[in-house]
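These notes concern the structure reproduced below.
Quick note on labels: first sequence line is chain A, next is B, and so on, each numbered from 1.
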There are 2 protein chains.
Amino acid sequence: MRTSVVTIKPNGYFCTDCAVRGFAVCSSLDAAELRAFEHLGRRVHFATGETVFSEEDITTSFYNLLEGVMRLYKLLPDGRRQIVGFALPGDFLGMNISGRHNFSGDAIGAVTVCQFAKAPFGRFIEDRPHLLRRINEMTIRELSQARDHMVLLGRRSADEKVATFLLGWRERLFSLEGLSNTVPLPMSRQDIADYLGLTIETVSRTFTKLERHGAIEILHGGISLRDPARVEALAAA
Amino acid sequence: MRTSVVTIKPNGYFCTDCAVRGFAVCSSLDAAELRAFEHLGRRVHFATGETVFSEEDITTSFYNLLEGVMRLYKLLPDGRRQIVGFALPGDFLGMNISGRHNFSGDAIGAVTVCQFAKAPFGRFIEDRPHLLRRINEMTIRELSQARDHMVLLGRRSADEKVATFLLGWRERLFSLEGLSNTVPLPMSRQDIADYLGLTIETVSRTFTKLERHGAIEILHGGISLRDPARVEALAAA
DNA sequence: AAAGCCGATTGACCCAGATCAATTTTGGCG
DNA sequence: CGCCAAAATTGATCTGGGTCAATCGGCTTT
């Protein structure tokens, strides 16, 4: 038996084995393209709290989130913060037209990203309209989520915001780890408050109230939906 | 002199003469493509208050706004409304991935749109990646605006919201009708309130307050920026 | 020009959620 | 362990903006 010739990728990973292969941008690439694509990205790790990219920074890279959770946010000059979304594995980050990131992203817990230099990535896309179509599709989905979130921020009460957040977060985790009434919340209460346009105290009080009414149970690092129907009723209102 | 052969478009318009030719989606098409494109769209008029498309309706058409202003909004079951944006000439509407519109759009004043049936438009795009790129670019710009608006809705005071709105609206009109301190406001106070996540009374009171302080002057159908620097200071805060 | 209507403004009062201020709980770390 | 710092909870109080209720004013209709 002869020794097989194996290509070893510099950073030791293959796209074919990638955890997000099936649902990230790269799901639009066939096996041959994937081999070319493989040389474009490199895995990079970030520790808890580290910033992956900053608002107003010139965009030099795009990122494909592989592991962990990120908070994406914008700051006002006086320090007020609005979290515009949480990123989960499979999310593609960094697209913009101004040449600068229009929000910051940092790691909630340990994070692994697949980092692409902007120029080579742009060249790779150039003659692969199916990849562009995939990116456009993901952008349109994000835009739809952004509009839903505008409704939440502009027109919903604190109770409705919290209930909607819990159900929406559970729904997003569904595709990654299956449906469960136990919902892990890796982000802090402050993060949740800044996502919902509330203060940390209001978020805390609302959680406590929901627990008192038997709708949820507060766990370490998450919550459990004791009465999903009741939470849904609150969110629907 | 022989009689010249002239192609007459069924609805009597040519894309080459179109008011939004230079900055709408079609700006990515060359002269030859434009002639093919011309047969896809038809001009449709809507009167004040008419609905162009409704949330949850199956998407059968895309729209290129040619004349007028539209309000784009989502409703909660109990009637609360969040306006997610105002559309101006050149805006492209109707893209989604669910197959249904995810917001409603109706005419503020008289509106003219260029309507495209979804399927033929999709086929036209198929082998024209530059058009797809143009659409993607417009989507990314919208997403960036959506995120800015989330910050406004979640973290800004009523004064800041109103000041930011006036400047932002002036800025958007800039490219269409030049920079001016007189800002037409074709939408109602209720529309502004539903865009900013406020009530009509708060919008009205804030306008009055800005006028008392000499920052603006309230006109019929608009406002005039008397002290742009002061309004900018309020918005920046 | 009087009547009627609808959008906008103004005033009086109220309350959801913010702010301020302690605790209490949790999570490292020597 | 026990100590410290950070996060979360809870309580007391305040207030920005909402709610409710009159007007006001500009347009249309006759």
Any idea which of [options] is nearest the [X] side chain?
X        : options                : result
A:Thr199 : C:dG17, C:dA18, D:dG18 : C:dA18
B:Arg205 : C:dA12, D:dG17, D:dT9  : C:dA12
A:Ile218 : D:dT19, D:dT9, C:dA8   : D:dT9

Take the protein atom [atom1] of [X] and the nucleotide atom [atom2] of [N], then report the distance between them rounded to whole Å.
X        : N      : atom1 : atom2 : value
B:Lys209 : C:dG11 : NZ    : P     : 14 Å
A:Arg155 : D:dG17 : CZ    : C1'   : 12 Å
A:Phe207 : D:dT10 : CZ    : C1'   : 16 Å
B:Arg189 : C:dT10 : CZ    : C1'   : 14 Å
A:Ile200 : C:dT25 : CD1   : P     : 16 Å

Under 4.0 Å between any heavy atoms, over every strand shown, what does B:Thr208 touch: base, sugar-phosphate, or nothing? Just pick one.
sugar-phosphate
Is A:Ser188 touching bases, backbone alone, or none of the nucleic acid, heavy atoms closer than 4.0 Å?
sugar-phosphate
Polar contact flag, side-chain donor to acceptor under 3.5 angstrom, B:Thr199-B:Thr202
yes
Which word best sums up how the rings of B:Phe86 and B:Phe165 line up, parallel for under 30°, tilted for 30 to 60°, or perpendicular for over 60°?
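Tilted, since the angle between the ring planes falls between 30° and 60°.
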Exactly one of B:Phe23, B:Phe121, B:Tyr63 should register a ring pair (Phe, Tyr, Trp, His ring centres under 6.0 Å) with B:Phe92. Which one does?
B:Phe121
Is any side-chain heavy atom of A:Met95 closer than 4.5 Å to one of A:His101?
no
Please compare B:Glu201 and A:Ser204 by the position of their nearest nucleotide in DNA chain D and report the one closer to 5'.
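That would be A:Ser204.
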Where each residue is assigned the nucleotide of DNA chain C containing its nearest heavy atom, which of A:Thr202 and B:Val203 is assigned the position nearer the 5′ end?
B:Val203
Comparing A:Gly221 with A:Leu198, nearest DNA chain C nucleotide closer to 5' gives the residue A:Leu198
